[in-house]
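One structure below.
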Amino acid sequence: MSRAALLTLAWLLVVGCGGRQLVSTAAEAVGELSGWQAWALAGGSATVFDDSPNAYALALRTLDPASRRGFAVGNAFFNDNWVAAPASTLGRDGLGPLFNAPSCSTCHLRDGRSRMPSGPERTLQTAVILLSVPGADGQTLVPHPVYGEQLQPKALPGIPAEVDPRVSWLEQAGQFDDGSPFSLRSPQLQLRSLGYGPLPAQARLSLRVAPAVFGLGLLEAVPKQDIIAWADPEDRNQDGISGRPRQLWDHSTGQQRLGRFGWKARNASLRQQAAGAFSEDIGISSPLHPREVPTAAQELAMQAASGGSPEVDDHKLDRVALYLKGLAVPARKVADLEQLEAGSELFAALGCAACHRPSMRTRSDAEPAALADQLIWPYTDLLLHDMGEGLADHKPSGNASGREWRTPPLWGLRLLPVVSGHEQLLHDGRARNVEEAILWHGGEAEAAQRAYRALPAADRTTLLAFLRQL
Ligand code: HEC
Ligand code: HEC
């Protein structure tokens, strides 16, 4: 049988059979075929087949019934708006007093990625601005004594909001090696109406869009030792690419943990990420963040009614974490097999795959069981890489420098315009499409970016077409 026929067979097996049993049979069959034939199942045997705007919002196909119920509860807590306390909607009050948005889904709409405003006419709402200032020693960066670690542009009535942030875009022209022109834009932040006094000139700001949140349970289940083994901090193999694990200190256990989530991998687990988001983004306290976010200097805000202490308990936090774990990865789709094959070869030849690692396996003891022992195709190594001056935010975070970012997964890229209505990429949404994202690559990825710019136009098209089939 030809490769194309095998591929079609695998695709039909998976798409054609609704039942779980058949899906895993197909997955095994595809597993044996290896390489190209395993193409569709980006998220292992729990991959979902849906090209609608709902494509990022579906549960793992193989999720057990009990986890499915928890997923549904978590789904509601993710999508429904929180309200000010006290309120009759018990269990969902405690919003603010300072906050960015009333729900997780305000930013992660349909579990997708947030959109940057096209210009300074509109307030920046669904991205966040992280903040730090030099501490007493003039060196170490610490949260701002009044504004904290993140600016909150919203506040309950009667309480001053921290800021009205706006973004304008600076265009800069560039050229491919064949002389054809391109233009890249970068954001210029304006902090209007600072509610609690001016910021010092040395303040470091980091603008970040909300990434899509599907498939993260699988990434949480990739063995830590595998990720650490991919790192090459001293660049021993001399490919110009190092890659460093993000290290976190867990105060509760006194152990080192590996950071995986967020643009600089500042969270080790989905539970921790969710608790941080409740606290900083929505103003909801939890057992992991028992204190309200306003700093002591924000007196009025401190007097606001609380929705309970904590406002979201362990049980709810677990459900939200389960929801995040349970969001499945949409299948890859072949539009043109030859282009796909050629594009994949270019992806490897240009060095993209050195960081955007195509495939890996999850742990066999991962929970829920649907996440265990899966061959997945996320196109990330979950490591930090120096991406050069162009992308730097100059705001180190733990052991991540001001030039380092965690390689983002590329799975599901083909559906981003369908789910989120745009193709904006990179940590601050500056890239308007996949090509602009590549053109911004610098630092360890400078060689890959230059190699892309040197390609004949037809090969550039082939590579982009490959990425848009993921
Ligand atoms: C104001 C917009 C906003 C809201 C509201 C918000 N997030 Fe996020 N979310 C972000 C941003 C920005 C990031 C990236 C943060 C970083 O780089 O550290 C992020 C990152 C994440 C990630 C990590 C994704 C990855 O690929 O590493 C998860 C998971 C997540 N958010 C879940 C949640 C949950 C759960 C809630 C509600 C409790 C929530 N978010 C509310 C903006 C938001
Ligand atoms: C040295 C590691 C490295 C190499 C090599 C590399 N990338 Fe990346 N890539 C990254 C990191 C890190 C980011 C995130 C940067 C940011 O957001 O500022 C990224 C972002 C992206 C994005 C946007 C993803 C998103 O979710 O916003 C795309 C698309 C992408 N890379 C494609 C490629 C392609 C194609 C190549 C080869 C030409 C390549 N990358 C080479 C590390 C790398």
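Just so you know, ligand 1 is whichever comes first in the structure, and atom 1 is the first atom listed for that ligand.
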Short version for Ser103: what comes under 4.0 Å of ligand 1, heavy atoms counted, is backbone

Subject >> Non-hydrogen atom of Trp440 closer than 4.0 Å to ligand 2 >> reply: no

Checklist entry - With ring centroids as reference points, do Trp405 and His385 lie under 6.0 angstrom apart? => result no

ask   = Should His427 be listed as contacting ligand 1, given a heavy-atom distance under 4.0 Å as the test?
value = no

For the 3.5 Å polar cut-off, considering only N or O atoms, please tell me whether Gly262 and ligand 1 meet it.
yes

So for Gln273 against ligand 1, with non-hydrogen atoms under 4.0 Å, the contacting part is side chain

Among non-hydrogen protein atoms, atom 15 (C) of ligand 1 lies closest to Arg266 NH2, 4.1 Å

**Q.** Contact flag Cys355/atom 8 (Fe) of ligand 2, N/O/S atoms, threshold under 2.8 Å
**A.** no

Q. Within 45° of the ring axis of Trp39 and under 6.0 Å from its six-membered ring centre, is that where the NZ or CZ of Arg332 lies?
A. yes

Margin query: Using ring centroids (six-membered ring only for Trp), state whether Phe347 and Phe466 fall under 6.0 Å.
Written below: yes

Looking only at non-hydrogen atoms, the one of Leu410, Leu425, Val209 nearest atom 28 (C) of ligand 2 is Leu410

Is Leu426 close to ligand 2, meaning an N/O of one under 3.5 Å from an N/O of the other? yes

Practice item. Consider every N or O of Thr126 and every N or O of ligand 1, then say whether any pair is closer than 3.5 Å. Key: no

shortest atom 19 (C) of ligand 1-to-protein heavy-atom contact is with Pro211 CD, 3.5 Å

Check: of His356, Lys264, Glu444, min heavy-atom distance to atom 30 (C) of ligand 2 comes from His356

Can you find an N/O atom of Trp263 closer than 3.5 Å to an N/O atom of ligand 1?
yes

### Message
Tell me whether atom 8 (Fe) of ligand 1 has His108 as a neighbour, meaning an N, O or S atom of it below 2.8 Å.
### Response
yes

